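Predicted model, so just to flag it, every value in this text is computed and none were measured. Only this structure's heavy atoms are used, side chains among them; waters, hydrogens and symmetry mates stay out. Nothing fancy with the numbering, it's 1 onward along the sequence.
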Amino acid sequence: MAEMKPFRCIRPSEEVASKVAALPYDVYNRQEAKAVVEKNPMSFLAIDRAETQFGDDMDLHDPAVYAKAREMLEQWLERGTFVEDTAECYYIYELTMDGRSQTGIVGCASIDDYVNGVIKKHENTREDKEQDRICHVDITNAHTGPIFLAYRSDGELNRLVEKACRQECLYDFTAEDGVRHRVWRVADEAALAGIRECFGRIPNLYIADGHHRAASAVKVGLKRRKENPGYTGTEEFNYFLSVVFPDDQLMIMPYNRVVKDLNGLDQEAFFKKISESFTVEKREQSCQPEVPHHVGMYLDGTWYEVTAKEEICPSDPVKGLDVSILQDALLAPVLGIQDPRTDARIQFVGGIRGLGELERLVDGGEGAVAFSMYPTSIRELFAVADAGLLMPPKSTWFEPKLRSGVFIHRLG
């Protein structure tokens, strides 16, 4: 069963929370991160991406970068930008985007639950991406960006969350992207015990977003265990910062694809090849699929609806995903994209950018053809994870994004 414990949170003071809260470190490239911090020096991105404090010639992974992140975290605590709660608490974190809200519980998950498979994952991680966050967590001695977890909705837990939300807010602000963020603190002993007991009855948690952050946090925890052979299991390094949401409140957006060229084919040959596995119908307007196994395709200024034939739609939890069907029946055999993780001819576009972004990339010559996907469902994500399988790369795009710097967990 899952463990989710309360913790002593380091968090922004109420007056500056809206300025400190930042999108996750990995949604920006180096120049974008630098521009954000130059515009708003109080953005937590200054700590999450501490290379912003150096010239462009500084190696992103230089030890001085991580040392700077630790130094700034301590400085912000000393000057009161951050405060540290004196008691272990849970926090309720509500995000509202376009009139839809999702409300999660902020606490600390167990690294043992991750290792033993109580916390299930659906993506592989890359060692090079892990290493950056391993250094950041280890040297700052803190988890600064929460892992986005999900659970099958539980009535009793939902009731406890609803009750906590009747209190006065700790934070209530709307970010520049229009997402409203509200936070409540849960400090009542009975409520703390009730939430912890509910999690103790939940068999599994699922990583929705943040696989690299989770893997990095766990590896730092295991490293600390080796460094402290007398550890008891109760030390803070045995846990990692998480926000856990009920599955019925989550929305997954599509992760669209743009391919640079038609793999040497002219349009007539391209359509002939894809028609072996798909039916293709021209559309007068842009095409965002509304049902599974349908894909929108933008080519030479025209939208098409591309529908997979029944014989190429397996029931396998991974092979039956729309992103898998497109990859196995079109991108690989027709366009020659054998490994989408490494092939420079394909780029992935989060659904938040809309279909206009696909048109812009193709019309501007950055791609020859674009595909708009039907989004993977949370049910499909759970099925893949329950089967111990992995999704293809870029299968899910969760919105809204959790903010970093709102909740910080010290490792000890």
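To the nearest 0.5 Å, atoms CZ (R30) and CG (L60) are separated by 4.5 Å. Between the CG atom of L358 and the CD atom of E366 there is a distance of 11.5 Å, given to the nearest 0.5 Å.
Side chain to side chain, H294 and T307 meet the donor-acceptor criterion of an N or O pair below 3.5 Å. Remark: the D48 side chain and the T144 side chain contain an N/O donor-acceptor pair separated by less than 3.5 Å. For the residue pair Q75 and E71, a side-chain donor N or O sits within less than 3.5 Å of a side-chain acceptor on the partner. A side-chain donor-acceptor contact under 3.5 Å links Y298 and D363. Side-chain atoms of W184 and E168 form no donor-acceptor pair, as typed in the model, at a separation below 3.5 Å. Between the side chains of S153 and N158, a donor-acceptor pair is found at a separation under 3.5 Å. Judged purely by distance below 3.5 Å, without hydrogens or angles, the side chains of D386 and Y206 pair a donor atom with an acceptor atom. At a cut-off of 3.5 Å, with distance as the only test, a side-chain donor of H293 or D322 sits close to an acceptor on the other residue. Residues D300 and Q267 bring a donor and an acceptor atom of their side chains to less than 3.5 Å of each other. If you check the side chains of N29 and R49, you find no donor sitting under 3.5 Å from an acceptor.
Between F44 and F82, the angle of the ring planes goes over 60°, which puts this pair in the perpendicular group of the 30/60° scheme. Note on ring orientation: taking the six-membered ring where Trp is involved, the planes of F240 and H143 are perpendicular (angle over 60°, cut-offs 30° and 60°).
In this view, Q249 and Q102, T103, P246 satisfy the side-chain contact (heavy atoms from CB on, under 4.5 Å) rule, not counting sequence neighbours.
F371 pairs with exactly one of V258, L299, V259, N256 by the side chain to side chain contact (heavy atoms under 4.5 Å, CB included) rule, that one being V259. When each of I346, D261, L330 is tested with L335 by the rule side chain to side chain contact (heavy atoms under 4.5 Å, CB included), just one qualifies, namely L330.
For the pair N40 (side chain) and K19 (backbone), a donor-acceptor distance under 3.5 Å is present. Remark: side-chain polar atoms of H136 are paired, donor with acceptor, to backbone N or O of I47 under 3.5 angstrom.
Here the two rings, on Y91 and F7, have centers that are under 6.0 Å apart. Ring centroids of Y93 and F245 are separated by 6.0 Å or more, keeping the two rings apart. Annotation: F148 is in aromatic contact with F398 [ring centroid separation under 6.0 Å].
Pairs engaging residues 53-74 under the ring pair (Phe, Tyr, Trp, His ring centres under 6.0 Å) rule: none recorded [sequence neighbours left out]. Pairs engaging residues 271-292 under the ring pair (Phe, Tyr, Trp, His ring centres under 6.0 Å) rule: F271-Y304 [sequence neighbours left out].
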Derivation and outcome, side-chain hydrogen bond (donor to acceptor under 3.5 Å, both in side chains), residues E74 and W76: CA-CA 5 Å; E74 297 302 327; W76 289 22; over 6 Å; no

Take R180 and D172 through the test salt bridge (Lys or Arg N to Asp or Glu O under 4.0 Å) and record every step on the way to the result. CA-CA 7 Å; R180 185 183 184 187; D172 185 352; 2.7 Å; yes

Apply side-chain contact (heavy atoms from CB on, under 4.5 Å) to residues F237 and R225 and explain how you reach the verdict. CA-CA 8 Å; F237 59 71; R225 286 181 172 183; 3.8 Å; yes

Quick one, E236 with K5, criterion salt bridge (Lys or Arg N to Asp or Glu O under 4.0 Å). Give me CA distance, side-chain angles, the key distance, then yes/no. CA-CA 10 Å; E236 292 301 319; K5 81 175 199 69; 3.0 Å; yes

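Here the closest non-hydrogen pair linking R403 and A175 is NH2-CB, 3.5 Å.
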